[in-house]
Structures are given as C-alpha cells and as structure tokens.
Amino acid sequence: MKPANQLKLSFVILGFVVLFWYLDRPFPNSSAIYESIAIPTSSASVSSAQFTLPPAQGQTISATSLPDYIAGFTALHPQQTGAYILENGFEALLARAWLADHATRSITVQYFIWSNDNIGILASEALIRAADRGVKVRVIVDDLLIEAEDQTLIALAKHPNVEIRIYNPKHRVGTNVGKRLWNMISDFKGVNQRMHDKTFVVDDVVAITGGRNMASEYFNFHHEANFRDRDALILGKAVAAISANFDNFWQHPLSVPVENIFAEHRFLRLSPEISLQQVQQVYAQLHAYAKQDENFDPQLRQAIRSIPESFERLAKEMVWTEVDFIHDIPGKNRSEGLQGGGDSSRALAKLVSNAQKEILIQSPYLVLSDKAKSLLQQTLRRGVKIIVNTNSMASTDNLQAFSGYRNQREELLKMGIQIFEFRPDAESRGKLLNSPVIDKYKPAVFGLHAKSMVVDGKIAYIGTFNFDPRSENLNTEVGVIIHNQQLSEQLAQSIRRDSSPGNSWNAQLDNPDQHVSYSKRFQVWLMQLLPLRPIL
C-alpha cells in the first residue's frame with residue numbers, strides 16, 4: 001500500500017477508535033466520580049492531628065518526632081533497609097495519611113497522575129496542613145494526566161512552605177489545545193517522554209514507592225472500578241537513594257515551577273493571577289471538604305488514628321535486608337528515535353538474564369519490544385520458566401496497550417510463556433478491597449495495575465515499570481529490588497494467587513476475549529491495525 005493511502009487508512013481507523021471509545025469506555029474516569037460533590041465555601045479549618053507515638057522496639061521511652069521514632073528501628077539495622085509490602089490500597093492510603101500528619105521537616109512527592117477526585121483533594125489538603133505546621137513540601141507531577149484547576153495549582157504554590165513543579169509541561173498546565181497539538185507535531189518524542197516515577201518521602205527517613213498514583217481507584221475508593229496495585233514501604237539505607245533521585249528531578253530543567261509556566265504562557269491565558277483572598281479561599285475550601293463526613297469518612301479518620309498501633313505491628317513484620325533502588329535519569333533516552341532504553345530497563349534485564357529457574361511477572365500491560373522478546377526467548381531456551389499475570393480485555397484500563405499485547409499474544413504463548421489474564425470480577429476483591437467506599441458501593445470492575453517481578457524465589461522487584469516499550473524507552477521509572485527470600489516468596493504467593501482460576505483466565509485455554517462486548521473487541525481490532533507499538 002502506498003504511504004499516502006496508509007496514512008488515510010490510519011486516520012479512518014483512528015476516527016472509528018475515538019467513536020467507539022466514547023460509546024464503550026473500558027474504565028471510568030476518576031474525575032467523573034466526585035464531580036457532583038460541591039466543595040463547600042466554609043472557612044472552617046481542620047487542625048493537625050496529634051497522636052502519641054508508641055516506642056519502637058528496643059526503646060524504653062516514647063519518641064517525640066517521626067525521625068526519632070524511625071531511628072529506633074533503623075539503629076538496630078545499620079546499613080540495611082527495612083521493606084514491607086503494601087498489598088491493600090486502603091492500608092497504603094492510611095500509611096501515607098499518617099506519615100503526612102506526622103512529618104516534622106519535609107515531604108517530597110513525585111507522581112505520574114494526581115487526580116482532582118476525592119483522594120486527590122484530600123491528599124492536597126493533607127499537604128497544606130503539613131505546610132501550615134512548617135513542613136517543607138515539594139511536589140513534582142507529570143504534565144500528561146494531571147487534573148487540577150489553574151487557580152488551585154497557583155494557590156497551592158503560593159503557600160510559603162509549598163513548591164510545585166510540573167514535569168515536561170507540553171500537554172496540560174499552561175498549554176492550550178493548539179499549543180499541545182503543535183508540541184506533538186514538532187517534538188513527538190519529547191511529548192512522549194514522561195515521568196512515571198511514584199515516590200513519597202517523609203523527613204528523609206521513610207518512603208513509599210510502587211504502582212499507585214494519587215487517585216481514588218488506586219486506594220479502593222472509586223465507586224465503579226478499582227485497581228489491584230502494590231507499593232513498598234521503605235525505611236533505612238535505601239531512603240537516601242530515593243531522596244537523591246527526587247532532588248535530581250527537582251533540579252532538572254524539565255521540572256518547571258508552576259509560577260514560571262503561567263508567567264511564560266500568560267498571553268495564552270485569561271487570568272492566571274490570583275489574589276491573597278482567593279488563595280485563602282482555596283485553602284478554606286480544602287479544609288472544609290476534608291472535614292465533611294461524606295468526603296472523609298469517620299471510619300477513615302478512626303483508621304488513621306489507630307495507625308500507631310498498626311505501625312508497631314507493621315514494624316515487627318518488616319524485613320531488614322539488602323534493597324537496591326533503581327531509577328532513570330530525567331529526560332531518559334538521549335538517542336535518536338523512540339528506542340534507547342534506560343537504567344531501570346537495564347537493571348531488570350540483568351535480573352532476567354541471571355534467572356536460573358523461574359520468573360514471575362505481574363504487569364498491567366504486556367507489549368514486548370523486539371529486544372525484550374529476544375531476551376525472554378533466550379531465557380526460555382535456558383530452561384527458565386516464565387509466568388506472566390496481566391490484564392484481560394475485560395479488566396484493562398488501556399485498550400491501546402491491550403491491542404499491542406493482543407498482536408503478540410499467540411507468539412508469546414508459542415514461545416512457552418504462561419500467561420494468565422486478570423478477571424474484572426476476581427475473587428480476591430473481597431480480600432484486597434476494603435474501605436468505607438468499597439463496603440458501601442461495591443464497585444463492579446477490578447483491574448490490574450501492580451508492576452512486580454520475582455526471580456528464582458529470592459529476588460523481588462516492586463515499582464512502576466510496565467513491561468512495554470514506553471517503560472523501556474520513554475518513561476522514567478523507579479522501583480526497589482529486594483534481595484530477600486522471605487519477601488520474594490511472599491510476593492510470589494501473591495502473584496500466584498492473582499493468577500489462579502478464580503482471579504485470572506488462562507490465556508492459552510480460556511479464550512478471555514469472549515467476556516467483553518463485540519464493540520470493544522472491534523475497537524481493539526482497529527487499534528491493532530495502527531503502528532502504535534513504540535509508544536505503548
């Protein structure tokens with residue numbers, strides 16, 4: 001087919017894809033769930049919660065601050081890192097909320113998605129309360145999927161203890177539709193180089209990293225659909241590496257202060273300025289929103305209050321071992337074109353190359369580059385078993401990525417990879433989904449978003465890396481490699497459970513695609529005709 005005709009065909013297919021996307025959306029948008037709840041205009045504020053910290057193991061008196069409290073644990077394990085796997089979204093949310101309430105010096109936050117839904121609003125309010133106590137708050141959010149009003153961003157950044165930077169702002173913040181389209185045409189690779197990192201560090205002594213973004217569906221609070229995801233809570237030596245990586249991004253030219261963005265694009269905006277009165281009103285609205293029981297359930301408040309006791313239990317279950325924090329540099333992949341890889345890709349490829357018996361992979365998206373496919377073929381020839389748990393068409397939130405996987409599925413199965421596709425009605429929902437919202441609304445869809453790997457039952461990876469070309473070559477990624485058999489076996493059991501018949505379909509035997517509508521299957525088929533693999 002002539003190139004011109006090929007281009008015309010692509011545009012026709014793209015038109016059909018857009019049409020079917022509107023008619024049959026695979027996963028609800030988080031921003032639509034809470035938009036019916038009006039943010040009150042009351043000036044009431046919420047004071048910072050004050051709790052008494054229990055003594056850490058080996059201490060005889062109560063600690064007076066979070067760093068002192070954490071020091072009680074780290075002092076017993078010098079040159080080691082404590083790791084605890086946060087499997088449940090509600091538990092992961094409580095940990096973040098409690099740590100934010102007890103920060104004394106600093107909070108650094110790095111996310112790919114920050115939604116303007118219930119959880120996103122409550123997270124912003126928690127950071128403002130911490131800043132009111134004198135805590136220095138620094139936030140980096142990728143520009144691609146950020147959901148925030150311009151005035152809200154400016155108001156938050158106006159706080160003397162809050163700084164917000166937007167990574168690679170070519171899509172949303174300070175950018176109108178015309179400018180965004182021009183960016184995509186003039187710098188296609190640049191607009192696709194995103195910051196997929198997800199880290200939360202408090203007082204430089206405790207960190208959380210993993211797959212969860214700052215939105216309701218990652219913490220069991222979405223009314224219609226939620227993700228099966230995973231984080232790691234980290235204490236000790238590896239926290240310094242996580243903090244250093246944040247600083248590298250903070251200082252990089254691609255991380256732009258929101259004030260600078262709006263100043264640069266003022267001629268494109270109606271009125272980016274905001275008065276002191278408007279700033280105070282935004283803060284008052286945030287505090288009032290968090291104070292209302294319908295927005296911040298009393299059960300959630302009580303759960304946060306009980307965290308000190310839970311943290312004591314958690315600390316006893318924490319495993320102290322060798323942990324490597326892997327990451328990419330800002331602006332990853334300086335090579336020409338869309339290929340090139342990065343440090344995180346190379347670190348995970350090394351784990352695969354060194355595997356002797358078995359590799360368990362859990363990834364929401366499975367689209368292998370030629371290089372990745374070749375690596376797995378070589379690994380299979382060495383007699384290593386490879387088992388993958390990924391999304392089905394029925395559970396995925398990204399049909400474009402699924403179309404890339406569907407193009408490869410038969411080939412991967414013939415190679416000898418065992419693939420299990422996650423069910424939207426997985427039996428594990430009852431155990432993994434527990435929160436006041438879940439108990440009330442009982443959401444229908446459960447999708448996979450965890451990104452993990454276990455090698456030979458003794459090395460575990462938990463992070464942000466999807467097994468697709470975008471994570472391999474374009475997005476910056478982070479994660480922890482845990483060299484510990486106990487935690488590796490724990491993670492392996494979790495992935496095997498998710499791959500079991502009640503939670504997943506066998507891609508070889510069960511024909512998982514039959515469980516979705518004909519329109520969705522047709523939509524994916526159309527996407528399969530497009531040359532999308534390098535950016536999936």
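Numbers here simply count residues along the sequence, with the first being 1.
- Formation of a donor-acceptor pair under 3.5 Å by the Ser353 side chain with backbone atoms of Ala349 is found in this model.
- Side chain to side chain, Glu489 and Gln485 meet the donor-acceptor criterion of an N or O pair below 3.5 Å.
- Taking all atoms of both residues into account, the shortest heavy-atom contact from Asn192 to Asn475 is O-OD1, 3.9 Å.
- Inspection of the Ser504 and Asn389 side chains reveals an N or O donor paired with an N or O acceptor under 3.5 Å.
- Panel note: side chain Thr390, backbone Ser363; a donor-acceptor pair is recorded below 3.5 Å.
- Between Asp229 and Lys198 there is no salt bridge, since no side-chain N of the basic residue sits under 4.0 Å from a carboxylate O of the acidic one.
- Although no hydrogens or angles enter the test, the distance criterion places a donor-acceptor pair under 3.5 Å between the side chain of Asn226 and the main chain of Phe221.
- Legend: residues meeting salt bridge (charged side-chain N to carboxylate O under 4.0 Å, His left out) with Asp142, ordered by chain and number and at least two apart, are Arg194.
- Listed by first and then second residue, the salt bridge (Lys or Arg N to Asp or Glu O under 4.0 Å) pairs involving residues 320-330 are Asp328-Lys332 (not counting sequence neighbours).
- Arg470 pairs by the salt bridge (charged side-chain N to carboxylate O under 4.0 Å, His left out) definition with nothing, not counting sequence neighbours.
- Identified under the salt bridge (Lys or Arg N to Asp or Glu O under 4.0 Å) test for residues 447-456, with sequence neighbours left out: none.
- Tyr289 and Asn118 share a donor-acceptor pair across their side chains, judged by distance under 3.5 Å alone.
- Take Lys385 and apply the salt bridge (charged side-chain N to carboxylate O under 4.0 Å, His left out) test, not counting sequence neighbours, and it matches no residue.
- With hydrogens and angles left out, the side-chain atoms of Ser395 and Arg228 include no donor and acceptor closer than 3.5 Å.
- Note on residues 339-365: pairs passing salt bridge (Lys or Arg N to Asp or Glu O under 4.0 Å), not counting sequence neighbours, are Asp343-Arg346, Glu358-Arg496.
- Separating the CG atom in Leu235 from the NZ atom in Lys237 is a distance of 15.0 Å, to the nearest 0.5 Å.
- For the residue pair Ser374/Gln378, the side-chain donor-acceptor check at 3.5 Å is satisfied.
- Residues that satisfy the side-chain contact (heavy atoms from CB on, under 4.5 Å) test with Pro501, not counting sequence neighbours, are absent from this structure.
- Checked by atom type, the side-chain pair Asp203/Thr104 shows a donor-acceptor distance below 3.5 Å.
- Judged purely by atom type and a 3.5 angstrom limit, Arg96 has no side-chain atom pairing as donor or acceptor with the backbone of Ala123.
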Point to revise | Leu376 vs Val352, side-chain contact (heavy atoms from CB on, under 4.5 Å): CA-CA, chis, key distance, verdict | key: CA-CA 8 Å; Leu376 292 188; Val352 172; 4.0 Å; yes
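- Distance alone, capped at 3.5 Å, is enough to place a donor-acceptor pair between the Asn391 side chain and the Leu448 backbone.
- Legend: residues meeting ring pair (Phe, Tyr, Trp, His ring centres under 6.0 Å) with Phe246, ordered by chain and number and at least two apart, are Trp250.
- No donor-acceptor pair under 3.5 Å is formed between the side chain of Arg423 and the backbone N or O of Ser392.
- The distance from the CG atom of Asn484 to the CD1 atom of Ile459 is 10.5 Å, given to the nearest 0.5 Å.
- Between the side chain of Arg212 and the backbone N or O of Tyr218 there is at least one donor-acceptor pair closer than 3.5 Å.
- Remark: aromatic rings of His159 and Tyr283 are close, center separation under 6.0 Å.
- Shown here are the ring pair (Phe, Tyr, Trp, His ring centres under 6.0 Å) partners of His327, two or more places apart in sequence or in another chain: Phe325.
- With hydrogens and angles ignored, the 3.5 Å screen pairs no side-chain donor or acceptor of Asp468 with any backbone N or O of Tyr365.
- With hydrogens and angles disregarded, a donor-acceptor distance shorter than 3.5 Å links the side chain of Ser500 to the backbone of Arg497.
- One N or O on the side chain of Gln356 and one on the backbone of Asn354 form a donor-acceptor pair closer than 3.5 Å.
- Ring orientation note: the planes of Tyr167 and Phe249 are tilted relative to one another, at an angle of 30° to 60°.
- With sequence neighbours excluded, the residues forming a salt bridge (charged side-chain N to carboxylate O under 4.0 Å, His left out) with Asp247 are Arg138, listed by chain and number.
- Side-chain contact of Thr199 with Gln110: a donor-acceptor pair under 3.5 Å is present, judged by distance alone.
- One finds the CD1 atom of Ile359 at 5.0 Å from the OG1 atom of Thr379 (value rounded to the nearest 0.5 Å).
- Legend: residues meeting ring pair (Phe, Tyr, Trp, His ring centres under 6.0 Å) with Phe200, ordered by chain and number and at least two apart, are absent.
- Shown here are the side-chain contact (heavy atoms from CB on, under 4.5 Å) partners of Ala372, two or more places apart in sequence or in another chain: Leu368, Ser369, Glu472.
- Enclosure of atom NZ in Lys373 by more than 12 non-hydrogen atoms of other residues, nucleotides or ligands within 6.0 angstrom is indicated.
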